[in-house]
Amino acid sequence: LEKAIVLYTKAAEQGNSDAQIILGVCYEFGRGVEKNQEKAVELYTKAAEQGNADAQNNLGVYYVIGTGVEKNLEKAVELFQKAAEQGNANAQNNLGLCYKYRTGVEENMKKAV
């Protein structure tokens, strides 16, 4: 796992969004590195800015919960929407839940479904 972390770190530093999200997950859950929510957010943000749907979804969850970032429900919805439009099933589910429970948006059961 140590060697993988070194390689993912190098790739992430070179701007590889897949490496950024994988390394973000490692920091989120403390796998092979010390758990660090802020570092996970930083990596997810870099990948999300490149259009990585998984990163957009994961970052959206952070904005809903307010861990590692200031809670921002509107930003969460925006990220879920971007990822959902790319076909990310988790983001589609999260966006639906936002519409169902009025999380950062007006309740809209049509959109929720």
Side-chain angles (χ1 to χ4, degrees):
L1 192 58
E2 258 181 57
K3 186 168 184 162
I5 296 297
V6 170
L7 295 173
Y8 282 126
T9 299
K10 285 182 183 179
E13 289 170 350
Q14 293 174 0
N16 182 297
S17 69
D18 290 329
Q20 289 165 340
I21 189 166
I22 291 167
L23 197 55
V25 170
C26 291
Y27 278 103
E28 181 176 357
F29 296 103
R31 295 196 180 127
V33 294
E34 188 174 328
K35 192 173 183 177
N36 184 329
Q37 301 301 321
E38 289 78 17
K39 184 69 175 172
V41 167
E42 175 188 325
L43 289 159
Y44 289 152
T45 299
K46 287 179 180 180
E49 287 171 350
Q50 294 179 68
N52 184 303
D54 290 326
Q56 290 167 336
N57 178 67
N58 289 6
L59 189 57
V61 171
Y62 270 87
Y63 277 108
V64 168
I65 297 168
T67 300
V69 292
E70 189 174 326
K71 190 173 188 174
N72 184 331
L73 300 178
E74 291 77 20
K75 179 71 173 172
V77 169
E78 175 188 323
L79 289 161
F80 292 148
Q81 182 69 46
K82 286 179 180 181
E85 288 171 358
Q86 295 179 67
N88 184 288
N90 289 327
Q92 290 168 346
N93 181 64
N94 288 335
L95 186 60
L97 292 172
C98 287
Y99 279 109
K100 181 177 181 180
Y101 296 110
R102 297 181 304 258
T103 304
V105 291
E106 297 281 323
E107 180 179 338
N108 186 327
M109 292 309 285
K110 267 188 166 177
K111 286 187 178 183
V113 174

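When a residue number appears, it is its place in the shown sequence, counting from 1.
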Going by atom type alone, with no hydrogens or angles, which donor-acceptor pairs under 3.5 Å involve a side-chain atom of residues 4-11 and a protein atom two or more places apart or on another chain?
| unit_1 | atom_1 | unit_2 | atom_2 | d |
| --- | --- | --- | --- | --- |
| T9 | OG1 | I5 | O | 2.7 |

**Side-chain donor-acceptor pair present, Y44, E28, cut-off under 3.5 Å** = yes
**Spacing of CG belonging to L59 relative to CD1 belonging to I21, to within rounding of 0.5 Å** = 9.5 Å
**Asked** Quick one: side chain to side chain contact (heavy atoms under 4.5 Å, CB included) partners of N93, sequence neighbours excluded?
**Response** L97
**side chain to side chain contact (heavy atoms under 4.5 Å, CB included) against A84, all qualifying residues, sequence neighbours excluded** = A91, Q92, L95
**Prompt:** What distance separates Y63 OH from E70 CD, expressed to the nearest 0.5 Å?
**Reply:** 9.5 Å
**Prompt:** So V25 and R31, side-chain contact (heavy atoms from CB on, under 4.5 Å) or not? Walk me through it.
**Reply:** CA-CA 8 Å; V25 170; R31 295 196 180 127; 4.2 Å; yes
**Prompt:** Once you round to the nearest 0.5 Å, how far does OG of S17 lie from CD of Q56?
**Reply:** 10.0 Å
**Prompt:** What pair of heavy atoms forms the shortest contact from A53 to A83, and how long is it?
**Reply:** O-CB, 3.3 Å
**Distance in Å, N52 CG paired with T45 OG1, rounded so as to fall on 0.5 Å steps** = 11.5 Å
**Prompt:** Do the side chains of T67 and V41 get nearer than 4.5 Å, heavy atoms only?
**Reply:** no
**Request:** Name all residues meeting the side-chain hydrogen bond (donor to acceptor under 3.5 Å, both in side chains) criterion together with Q50; count only those two or more places apart in sequence or in a different chain, and write none if there are none.
**Result:** Q20
**Message:** Quick check for you: to the nearest 0.5 Å, what is the distance between L43 atom CG and Y27 atom OH?
**Reply:** 7.0 Å
**Item:** Residue list, side-chain hydrogen bond (donor to acceptor under 3.5 Å, both in side chains) with Q37, at least two apart or on another chain
**Value:** Y62
**Request:** Determine, stepwise, if the pair V61 / N94 fulfils side-chain contact (heavy atoms from CB on, under 4.5 Å).
**Result:** CA-CA 8 Å; V61 171; N94 288 335; 3.9 Å; yes
**Asked** Are side-chain heavy atoms of K71 and V64 found at a separation under 4.5 Å?
**Response** no
**Fill in**
For E78, the salt bridge (Lys or Arg N to Asp or Glu O under 4.0 Å) test, sequence neighbours excluded, returns K75, K82
